[in-house]
Structure formats: C-alpha cells, structure tokens
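Numbering of ligands and ligand atoms starts at 1, following listing order. Predicted, not measured: the structure shown is a model, and the values here were computed from it.
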Amino acid sequence: MNRRSFLKWANMAGLAVALPSPSVFGAAAEDAKAGQTPSPKKRVESPETILLKDYRPKSIYKIPVTEIAKAKFPIIDMHSHPYAKTAKEIDEWVRNMDEVGIEKTMILTMTTGAEFDEILRKYSKYPERFEVWCGFDFRGYDKPGFGPAAIKELERCKQAGARGVGEIHDKGKGLRSGKSNAPGMHPDDARVDALFDKCGELGMPISLHVADPIWMYQKMDKTNDGLMNAYEWRLDNQPNIVGLSGMVDILERTAEKHRGTTFVACHFANLDYDLARLGEVLERNPNLYADISARYAETAPIPRFAAQFYAKHADRLVYGTDMGVDKAMYRVTFRILESLDEHFYETGQFGYHWSLNGFGLSDEILKQVYHDNAAKLLASRRA
Ligand SMILES: [Zn+2]
C-alpha cells in the first residue's frame, strides 16, 4: 500500500487522517493550525512564494483529450488491497469494476491467521471477482528453528482459500508482510528458502515489492526530479539500508534460487526509471513477472521509451493499480496505456508535478498486459 492508497482506504474506512498536510489541502491546513476556520479563498498566492508541492499547472494545449470510461479489453488487476471494509463497500467496488471493465482483482492482504480469515470471509461473496492472497508469518525468524511454523500457516491459508502470497515488502531493511517484520532478513536469505520453495510447490505466486522509487534515495535538493513525492517518502536519510540497485540484485538472486516459484515484482521492481535494466532482469529470469501498478505517473513522462519497453516485454508485464477503488483512478490508467494524449496532468491522483502522456499501446499488447499474462500465470497454478 502506498500513501495515496492509504489515504483512500482511510477515507473509505471513515477515519480522520492526520498526516503531514497533503498539498491539496495546504491552505486549509495552515488555517486550521492557526486555529482559524479554513477559508480556501482567503489566501492570495504570490508567484514568489508558490511552493512546488502546491504547483497545479493546467495544460493550455488545444489537443485531443481521450476519455476512456471502460477499458478496451477485460482486465485482471494483479495488485490491489482490501480497501473495501464492509459488505456494502465491496458491493460498490464490484459495481465500479463492472463499469470500468475489471474482471478480477487480486486482494493482497499481507496477513495470516485470524486477520487473513476475516478478510477472506468478507470477500467470499464474489469468488469469481476477487482472489484473496495471504502473507507470511515471520515470527521467530531470528531464532533457530524458524521455518516449519511459517510453512504450516502458509498451508493453512492455502487450504482456507489463499491462491497466492503478497504483498511482501523489502524496502532495504528486510522482509515485511503487513505487521510481520523480519529486519535484516532479505528475500535471498537461506532462512526463507523452504518457505519460498513451498510456495512453488503449492502453486502460490509471490507478489514481491523491492526498494522504492529512485527519487527517494537521491538528494532532497533542487535537482531532484520527483522532489515533491520523494521528500514525503525519503530514504536518503536512512542509514544502513540496501540501496535500490542492491535490492534489484537481491530480487534477481531470489528468482534464480527458486525457479519453481513464480514471482511478481511490484511496480516494475522500481526500475521504472531504468526500464532497460528491468528488461535484462526479466530476460534472465523466466519465473519473474513485473506488475505496472502505481507507476503510471513515473512512466508517462517517457511515453515513447515506455511504449517500446511494453512492446519488447509484453509477455511479462501484468496490470495492477494499488490506488484504491475509484472509477476515476482506473480511467486514468486506461488513458495512459491506451491513448496518445499528450501533456496532461493528474496531480490529484499521483502527486508529481510532471505532465503525462499516453503510450497508445496496440490491441495485442493491451490484451496481454490487461489480461492474458495474468490469466496464464493464474491458470498455471492448477496444472
Ligand atoms: Zn500495494
């Protein structure tokens, strides 16, 4: 889950969220701090003092604007989370999925035990529309004898209905599955060998998130191309973490070690800034896929290069969102993948200041990325 999806989830869950002031509410938040009634109209911004985080440009070009209400082909969403908490919210989500063309959604719960069972129960009304994936239980990972209990819980979740595992994170400090942490233990660690092999045996793919976007590791200064998001999620100030490149090496060693297990690297393995390297990693590792979730804004500034990458690796990329349940959210992803629109902004959705461009992917590529690769991956489990 990222900050955006957390905010959406919190909103749906009816929580009052007190996070560092989201920029869209900047003026209101400042007023609130001063103990005054928020009045968005009150402040007249001087161009001298507009902050990058408040920058909301509007495109002036008179060029085609493509509105895509429904995806061109049915979609399997390989990266989502249990955003909908109640039966009513789940019903609404299914209606949204119908309207925009999402056939099925993977609910990556990151949980085990009773917490997993509860989410599974809630979503079981729609077995054809949702798959509920479990997490790992890393308890005791730092003590001798770790392994059998984690495998036993994995088997129990599988028995209950889990068809895959995720989202498992390692942002450089070690593995994490929701609330279950294993600081210092990375995915290529021998201690998880049996667990990862068991996933292969059970036919459970692992959705694995390594590292974070490159801007988070770079200097937080005027040269940082993704500063406004990078600063919120900064990693440049974290000592002793494995860097992005090192985490990609770990991902590759992990895929190599467990050839019988299928891995889905989340968010282009955070190589959205270096797609050529991702291409090489995919070519070397036949059991590795990459999901395209939550990296739309990061790839839409380079539409020609991105489209070439999609064409070259169309058989290994799977659609994902990771950004809540709104119809508008799905539609932005369709516009980026399907249209050839240029220079449009989605600062509300993504938070970056860049203008975006569509890739204009061919029908053949869209079918693969939207549906067929995921369908193949999921069907292979039953063999
Ligand atoms: Zn996620």
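The number of heavy atoms from other shown groups lying within 6.0 Å of CG (Asn240) does not exceed 12.
Rounding to the nearest 10°, we obtain 100° for the angle at the Zn ion (ligand 1) between Asp322 OD1 and His79 NE2.
Of all N/O/S atoms in Glu167, OE1 sits nearest the Zn ion (ligand 1). As for His81, its N/O/S atom nearest the Zn ion (ligand 1) is the one called NE2.
Applying the side-chain hydrogen bond (donor to acceptor under 3.5 Å, both in side chains) test to every pair with at least one member in residues 304-315, sequence neighbours left out, gives no pairs at all. Residue pairs satisfying the salt bridge (Lys or Arg N to Asp or Glu O under 4.0 Å) criterion with at least one member in residues 211-220, sequence neighbours excluded, are listed as follows: Lys171-Asp212.
Between Arg381 and Glu131, at least one side-chain N (NZ, or NE/NH1/NH2) sits under 4.0 Å from a carboxylate O, which counts as a salt bridge.
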